[in-house]
Every structure is written in C-alpha cells, then in structure tokens.
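Structure record follows, encoded as structure tokens.
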Amino acid sequence: MIPVCRLADLPVGESLRIDTAPPIAVFNADGQLYAIDDTCTHQDASLADGWLEGCLVECPLHAASFDLRTGEPTCLPARRAVRTHTVTVEDGMIYVHRTAEEGTAA
C-alpha cells in the first residue's frame, strides 16, 4: 500500500505522479480516483501531465488516449495498455495498491 496524499489535496480534474519504480499517476476524474502506470506505452511521456476528460487521459506528447478504468488505449499511436492499480481512501488519505507485473512487456 503506497500513501499518496490527503483526498482534499487532489481536487477533481487533477492528477499527480508518485515517484515509484515504475512511476504511477493518480487521477481524480469527476470524483472517482484512478491509478495507472505513469509512462505512456507509445513513448516516454508522463500521463500525469496529460489532459483529463471524464475517465480518459490524453498523453501530452502524441495525443494517445487511455481509459483510466481499464488502462486500454482508445486511439493511436498507443497500442498497448498501461497497468492499472487499485485506489482506496482510508481516514481521508489516498492509497494505491500496486498491481503485480504480468511477465515482461512485448
């Protein structure tokens, strides 16, 4: 369980990057919290720096878009999903529960 920040410190429509290995991005999308691996699968860009619309985040580098619920890309140039992680809130604090990696990326 990785502590992120107080829920009050992540307003709706905002995101933040957790400097873990690999980095994780946490988003407050319309009051729902999501966490995904922070690096775009198309090219090295921080998704926490992207544009959030509903539960989609657009990569700031080449406009690839990912569904925060599934990690799946919704358009090119990204072809591979980003890993998603479970988010919980306990006593007003946001926590990320890292999902184990599944083998090596192809």
Side-chain angles (χ1 to χ4, degrees):
M1 194 162 65
I2 303 166
V4 177
C5 68
R6 306 241 5 118
L7 180 59
D9 294 333
L10 186 61
V12 170
E14 296 294 321
S15 62
L16 62 83
R17 175 185 167 112
I18 306 171
D19 289 320
T20 55
I24 295 173
V26 181
F27 298 87
N28 185 339
D30 298 326
Q32 183 68 40
L33 299 172
Y34 299 96
I36 60 173
D37 280 355
D38 185 49
T39 306
C40 178
T41 58
H42 169 251
Q43 204 164 23
D44 287 344
S46 172
L47 295 173
D49 292 337
W51 296 275
L52 185 61
E53 187 171 327
C55 59
L56 300 178
V57 63
E58 182 179 309
C59 176
L61 196 55
H62 293 117
S65 181
F66 296 88
D67 188 321
L68 296 174
R69 298 167 293 190
T70 64
E72 291 294 324
T74 62
C75 66
L76 296 174
R79 297 175 188 259
R80 289 183 297 123
V82 291
R83 187 170 46 150
T84 60
H85 306 279
T86 302
V87 181
T88 58
V89 177
E90 295 177 22
D91 296 323
M93 185 73 173
I94 300 171
Y95 294 93
V96 169
H97 306 264
R98 185 187 302 249
T99 301
E101 291 190 48
E102 298 177 22
T104 57

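Position 1 is the first residue of the sequence; numbering continues from there.
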Can you tell me how far [atom2] of [Y] sits from [atom1] of [X], rounded to the nearest 0.5 angstrom?
X   : Y   : atom1 : atom2 : value
E72 : S65 : CD    : OG    : 12.0 Å
C5  : Y95 : SG    : OH    : 11.0 Å
E53 : L68 : CD    : CG    : 11.5 Å
I36 : R69 : CD1   : CZ    : 12.5 Å

State, yes or no, whether a side-chain contact exists between S15 and Y34 at a heavy-atom distance under 4.5 Å.
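No - every pair of side-chain heavy atoms lies 4.5 Å or more apart.
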Student check: side-chain heavy atoms of R98 and P22 closer than 4.5 Å:
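A side-chain contact under 4.5 Å exists here.
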Closest approach of A63 and C75, non-hydrogen atoms and distance?
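In this case the closest contact between A63 and C75 is O-SG, 3.6 Å.
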Locate the shortest heavy-atom distance separating A78 from F66; write the atom from each residue and the value.
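Scanning both residues completely, I find the closest heavy atoms to be CB-CZ, 3.5 Å.
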Run the side chain to side chain contact (heavy atoms under 4.5 Å, CB included) test on D37 and R83 for me, step by step, so that the C-alpha distance in whole Å, both residues' side-chain angles and the decisive distance to 0.1 Å come before the verdict.
CA-CA 5 Å; D37 280 355; R83 187 170 46 150; 3.1 Å; yes
Keeping the roles fixed (side chain from T99, backbone from T84), state whether a donor-acceptor pair exists under 3.5 Å.
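Yes; at least one donor-acceptor contact below 3.5 Å.
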N/O donor to acceptor pairs below 3.5 angstrom from side-chain atoms of residues 44-51, sequence neighbours left out:
residue : atom : partner : partner atom : Å
S46     : OG   : D38     : OD1          : 3.2
S46     : OG   : D38     : OD2          : 2.8
S46     : OG   : A48     : N            : 3.4

Give me each pair satisfying side-chain hydrogen bond (donor to acceptor under 3.5 Å, both in side chains) with a member in residues 54-63, each pair once, sequence neighbours excluded.
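Those involving residues 54-63 are H42-H62, Q43-H62.
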Apart from V96 itself, what residues make up its hydrophobic cluster when side-chain heavy atoms of I, L, V, M, F, W and Y under 4.5 Å apart count as a link, directly or indirectly?
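For the cluster that includes V96, the remaining residues are I2, V4, L7, L10, L16, I18, I24, V26, L33, V87, V89, I94.
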